[in-house]
Each structure stands twice: as C-alpha cells, then as structure tokens.
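Only one structure is covered here, and it is reproduced in the block below.
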Amino acid sequence: MGEGFDHSGQQTLRSVLARAACLGDRLAGAPYPHVGLLLENTPEYLWWLEAAVLAGATVVGVNPTRRGPDLLRDLTHTDCALLVTETRLLPLVADLGLAVPVLVVDGPGYAETLAPYADAAPPSRLPAPETRLLLTFTSGSTGAPKAVVCSQRRIARAGDKLRAQYGLSPDDTGYACMPLFHGNALMGLWAPLLLAGGTIALRRRFSATRFLDDVRDFGASYFTYVGRAVSYVLATEPRPDDAENPLRLGFGTEAGAVDAARFAERFGCRLVEGYGSSEGGCNLRQDPAAPPGAVGREGSGPDDDLAVVDPETGAECPRSRFDAAGRLANGEEAIGELVNRTARAGFEGYWRNEEAGAARLRDGWYWTGDLFHRDAEGWFRFAGRSADWLRVDSENLAVADIENILARWERAAAVAVYAVPDPVAGDQVMAALQLRPGADGDVAASFARFLARQPDLGTKMPPRFVRLVARMPVTGTHKTAKTGLRADRWDAVGGDTVLWRPYERGAAGELSYRVLTAEDREKLGALFAEHGRSALIVRNQVPRS
C-alpha cells in the first residue's frame with residue numbers, strides 16, 4: 001500500500017494501532033470523537049481511517065477544493081475535535097483561526113507525538129456496528145453542504161456486497177486514484193479490498209498520464225472512477241500495448257456508454273456503471289444485461305421498492321416510450337423523481353440537520369432528488385438533476401453558493417447560475433450576468449481577475465460559460481426565471497454575448513475567458529456527438545431538498 005513504497009500487513013497494523021491509541025487519548029474529553037482528515041491519498045489517510053474504526057471515532061473527510069469560510073464551516077459544523085493534515089495542504093487552514101489541535105503528518109514533532117503509542121495493543125473491545133464512522137459531505141440546492149452520517153455497519157455492508165459481486169480476493173490489488181474523502185474511493189474500493197484481504201495502491205492525486213504505468217507497476221486488477229476521469233485517460237496518447245495490463249474491472253459513475261466501450265476496447269477492461277446516493281437510501285443494482293443508457297432495473301437491497309414519481313403528487317409516472325431513432329418520446333410525463341418506498345432504506349441522517357433529513361424522508365419514502373424515467377421493461381434511465389444543483393467532475397455543487405460569490409462582483413447588477421450539460425459527463429457551470437450601467441471595458445479580463453480574488457471559490461465553481469444579458473429574465477413574482485436560460489444553453493440570444501473558458505487546459509490555476517464564437521459552437525456540437533451525448537438534457541423543474 002502506498003505510492004513509491006510498500007507497507008506489509010504487519011507494518012500497517014502497527015501504524016493503525018498506534019493511531020487508534022492516539023485517538024483514544026486526544027478525543028477522550030471531546031463532546032464528539034470526530035477527526036477531520038485533510039490529506040491527499042497517502043498511507044496516512046488509510047491509517048487514520050482504520051484507526052478510527054478501532055477507536056470508535058468518526059472521520060470527517062475534508063474536501064481540499066473548499067476554501068476560506070466554507071472550509072472553516074465544514075470543520076466546525078461537523079464538530080471536529082482534531083485535524084490531521086500535511087504540509088502541502090496546511091496553508092488552506094493556516095489563517096482560518098481553527099480552534100482545534102492540528103497534527104501535520106510530515107511536520108516536525110509528528111514522530112514524537114506517535115512514539116508513546118508505538119507498541120499499542122489492539123483494543124480489548126471493538127465498537128458496535130452502529131458506531132458512526134464517517135461524515136461525508138453532499139451538496140443540496142441551497143446553503144452549505146450537508147454531512148451524511150455513515151455507520152460502520154453501512155460501509156461494511158456496502159464493501160462486502162461489492163467484494164462478493166466482483167469476486168475480489170486476496171490476490172487483487174485495487175488502484176485508488178480517486179480522492180479518499182469521496183464515497184467512491186471508500187465504499188467502492190477501500191472497504192471491499194479490506195474485507196477481501198487484498199492490496200490497496202495509492203495515487204496522491206489522479207493523473208491520466210500516469211494511469212497505465214501505475215496500473216502496471218502496482219499490478220492493479222481493479223479501480224474506481226468518477227465522471228470525466230475515464231475520458232481523461234482516453235485522451236492520453238495511445239500505445240500499441242495498451243491492452244497489456246492486469247486490469248479486469250473498473251467500477252464507478254458517469255463515464256458514459258461511449259467512453260466505457262472505448263475504454264474496454266483500448267485497455268481490455270470492463271467498466272461497470274452504478275447509481276447510488278451518498279446518503280445510502282437508494283442504489284440501483286448493476287446488471288450486465290442492461291440496454292444502452294439504462295442504469296439498472298431494481299434496487300440493491302432485498303426490500304427496496306424503487307419508483308419514478310411525480311414530485312408534487314407522489315403518483316407513479318407513466319413508463320417511458322422511445323421513437324424509431326431511440327429518442328425519448330414522452331419525457332414530459334415520464335420523467336419524475338426516483339424514490340425508494342422502503343422506509344428509511346439505509347439512510348442514517350444528516351449531522352445537525354434534522355430539517356434536511358426530514359425532507360429526504362417524506363411519507364415513509366426516501367426521495368433521491370434525482371430525475372429518472374423507467375421503460376416498459378422496468379429499466380431505469382437517468383434524466384438529469386433538479387433545477388438548483390449541478391454536478392461538475394462528479395462533485396455536487398449548490399447553485400446558491402456560487403451565486404452568492406458572483407454577486408460580489410462590483411460590475412454585476414444581477415446573477416443567475418445554472419447547469420448546462422457537459423459533452424462527456426455531468427454538468428458545467430453557466431452564469432448569466434446583468435451588468436451595471438457603465439460597466440464597460442474588458443469584461444472578460446475583469447471577471448477573471450475578480451474570480452481569482454475570491455478565497456471561498458472552490459476549484460469546481462468558476463463558470464465555464466458566462467452569458468451577458470441586457471436584462472435578467474424574471475417571473476411574475478419577480479424571481480429569476482432560469483428555465484429559458486437553461487433551454488438556450490450557451491447560445492447567444494437577442495444579441496447577448498457569451499464568454500467561455502475553453503476546455504483546453506491553461507496554466508495551473510489560470511482563469512481566462514473569451515467570446516464564444518460560431519466556430520466554437522460547432523466544435524462543442526462535434527464533441528457532444530463524439531461522446532454520444534445530447535446537448536439538451538431534459539430537466540424537471542422541481543426543488544431539491
């Protein structure tokens with residue numbers, strides 16, 4: 001286990017026991033035994049995670065793309081009594097006024113801190129299965145991210161299910177290239193490999209150019225992915241021996257059917273797509289017999305009762321129908337919200353947010369907030385997301401958070417943020433801006449400079465497209481009317497100018513906007529066609545809790 005170095009089972013056990021004993025002392029007087037992990041994918045992350053399992057503590061996976069007050073809020077809201085981080089990430093919290101102890105795993109004094117626990121024995125009694133193990137963040141439509149509660153029982157069940165389903169064994173090595181603060185890496189890779197007695201290989205941060213070399217160096221047979229990671233790997237220069245690798249299976253979400261087929265052809269590795277909510281209330285069982293575009297036909301739990309319903313009435317929507325070209329013919333009536341009509345359905349609540357938990361569990365049902373339709377044969381197909389949230393590179397973002405930041409721009413009189421489809425997977429952020437009178441000059445450069453100055457602008461938040469509207473559209477009740485904006489996507493309507501950040505990567509951290517041209521639109525259309533995606537995603541305008 002590790003990047004560039006190996007750790008035997010005995011070495012790992014000693015490291016975990018030492019940290020478990022340390023947690024027992026450090027968290028003994030805390031109101032809640034919560035430890036925040038602000039770490040990249042290193043052995044230290046897994047050692048502290050596994051130490052929390054033994055100590056009965058709770059790990060808060062801290063997202064390093066969060067900034068400033070938002071990051072401070074994440075740590076205080078979850079009642080972290082200790083933060084474990086590393087030197088390269090320490091600047092993120094250095095000026096936050098954090099009122100909890102901080103351990104820096106590669107800093108001076110760290111070895112001395114752990115030295116008294118070097119020969120710690122296993123605990124005489126293990127925590128109960130219902131012990132809270134994780135608080136993982138998920139975003140809704142408004143306000144700050146919610147912290148999902150996950151018990152030891154839940155993550156053990158999820159891991160054991162995947163272990164059995166994919167035949168993982170002590171001979172398997174799982175390549176962990178997705179961030180460990182994300183449920184994909186923990187539930188999809190760490191837990192099943194731990195229960196299988198296999199090996200975990202870590203990559204600090206995902207690297208498309210290192211992917212194949214890492215897989216070969218580690219002898220990895222299994223990996224997990226989210227969103228555009230697969231497309232980034234496919235964008236690397238092909239090699240004649242690409243298929244000569246030990247991979248046999250990849251498990252994840254949002255790769256898309258076209259890229260999944262290309263990956264299998266190029267690397268000889270099957271990708272299995274899944275759907276599951278971070279909250280654990282609804283998961284669709286993967287089925288190799290699924291037709292193109294379908295996610296699954298039934299839930300993964302024995303008592304799951306999944307349905308697509310009208311979010312207003314709760315009535316089940318009519319089954320979807322398709323025309324001769326395979327296009328959805330009755331989306332207006334067939335698309336609704338996916339629910340699990342089994343009470344609780346594995347959802348263990350949100351930390352310090354009973355109101356949001358109650359909204360998620362209504363009338364004895366679990367409401368996913370995701371839009372689906374279901375065909376006559378029972379196959380569920382994802383249809384988009386509700387109006388006020390979006391998903392960029394597999395991270396959920398709250399529209400209100402981005403709007404609040406953009407509203408600070410002195411040149412903006414009104415702001416609206418909404419999702420437009422990404423050519424490969426998920427969404428991209430688009431903003432409509434109504435400028436104040438006299439706000440002329442180089443708007444693109446001014447906007448980029450403004451964004452660069454915002455300390456709480458996460459790395460996924462900067463808009464990909466910016467539409468400069470003469471007047472922000474409003475409803476009869478003077479609320480911003482986003483329906484027409486979404487339908488227009490990035491098109492210039494009525495003479496509006498659209499700025500954008502091209503998909504080509506610039507300098508690290510650089511934000512640069514230019515006018516979207518007719519040629520750019522043609523290239524975008526070709527990119528959608530290349531990946532088998534529609535540039536129009538049907539969205540039901542219902543609020544997400």
Side-chain angles (χ1 to χ4, degrees), residues 1-17 19-20 37 39-54 59 61 126 129 133-134 136 150-206 210-212 214-226 229-230 245-253 267 269-274 276 278 280 283 286 300:
M1 179 178 66
E3 184 181 274
F5 45 89
D6 297 325
H7 297 277
S8 69
Q10 286 300 316
Q11 288 175 315
T12 295
L13 180 59
R14 285 196 297 270
S15 298
V16 171
L17 290 175
R19 287 155 181 77
L37 298 186
L39 298 165
E40 291 183 343
N41 286 11
T42 64
E44 287 284 358
Y45 199 115
L46 295 186
W47 290 340
W48 283 102
L49 173 63
E50 291 163 14
V53 174
L54 296 180
V59 164
L126 293 176
L133 175 58
L134 299 173
T136 60
C150 179
S151 67
Q152 293 198 18
R153 175 188 286 117
R154 180 187 158 200
I155 198 165
R157 285 179 173 173
D160 197 49
K161 189 176 296 182
L162 289 179
R163 176 203 61 77
Q165 185 170 351
Y166 299 134
L168 298 174
S169 74
D171 296 328
D172 282 301
T173 293
Y175 177 46
C177 55
M178 296 292 102
L180 289 168
F181 67 79
H182 195 283
N184 167 272
L186 293 183
M187 295 188 187
L189 191 141
W190 170 70
L193 264 297
L194 184 71
L195 293 171
T199 301
I200 296 174
L202 298 173
R203 158 64 57 183
R204 265 190 175 273
R205 287 175 292 181
F206 172 72
R210 284 292 310 168
F211 179 86
L212 187 58
D214 281 350
V215 163
R216 288 170 171 163
D217 290 345
F218 294 132
S221 54
Y222 176 76
F223 78 105
T224 60
Y225 62 88
V226 287
V230 168
N245 67 74
L247 283 176
R248 65 178 178 87
L249 184 68
F251 171 67
T253 60
F267 298 103
C269 173
R270 181 171 66 101
L271 300 186
V272 178
E273 290 277 297
S278 301
N283 293 277
Q286 297 80 42
S300 61

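Nothing fancy with the numbering, it's 1 onward along the sequence.
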Phe223 and ring-ring contact (aromatic ring centres under 6.0 Å, His included): which partner among Phe251, Phe206, Phe211? Phe211
Taking atom CG of Leu194 and atom CG of Leu168, what is their separation to the nearest 0.5 Å? 12.0 Å
Identify the two heavy atoms, one from Ala176 and one from Asn41, that lie closest to each other, and give their separation to 0.1 Å. O-ND2, 3.4 Å
Closest non-hydrogen atoms of Gly250 and Cys269, given as atom of the first, atom of the second and distance, are N-SG, 3.8 Å
Verify side-chain contact (heavy atoms from CB on, under 4.5 Å) between Val53 and Val59, making sure each step is shown before the conclusion. CA-CA 9 Å; Val53 174; Val59 164; over 6 Å; no
Please report the closest heavy-atom contact between Leu189 and Gly174, naming both atoms and the distance. CD1-C, 3.9 Å
Salt bridge flag under 4.0 Å for residues Arg157 and Asp160: no
Geometric class of the Phe218/Tyr175 ring pair [parallel <30°, tilted 30-60°, perpendicular >60°]: tilted
Could you walk me through whether Leu54 and Val16 pass side-chain contact (heavy atoms from CB on, under 4.5 Å), step by step? CA-CA 9 Å; Leu54 296 180; Val16 171; 3.8 Å; yes
Pairwise distance CZ(Arg204) to CG(Leu180) - rounded to 0.5 angstrom: 11.5 Å
Look up atom OG1 in Thr12 and atom CH2 in Trp47, then write down how far apart they are to the nearest 0.5 Å. 6.5 Å
Pro192 versus Leu186, closest heavy-atom pair with distance: CD-O, 4.3 Å
How long is the gap from CZ on Arg153 to CG on Leu133, to the nearest 0.5 Å? 13.0 Å
Closest non-hydrogen atom pair between Thr42 and Leu202, with its separation: C-CD1, 3.3 Å
Enter the distance from Leu162:CG to Ser300:OG here, rounded to the nearest 0.5 Å. 9.0 Å
Heavy-atom closest pair (Asp172 atom, Leu193 atom, distance to 0.1 Å) is O-CD1, 3.6 Å
Distance, nearest 0.5 Å, that separates CG of Leu249 from CG of Leu271: 8.0 Å
Begin from the C-alpha positions of Asp217 and Arg210 and carry the test salt bridge (charged side-chain N to carboxylate O under 4.0 Å, His left out) through to its verdict. CA-CA 10 Å; Asp217 290 345; Arg210 284 292 310 168; 3.5 Å; yes
Would a distance-only check, ignoring hydrogens and angles, find a side-chain to backbone donor-acceptor pair under 3.5 Å from Asn245 to Phe267? yes
Looking at side-chain heavy atoms only, is the closest gap between Asn184 and Thr253 below 4.5 Å? no
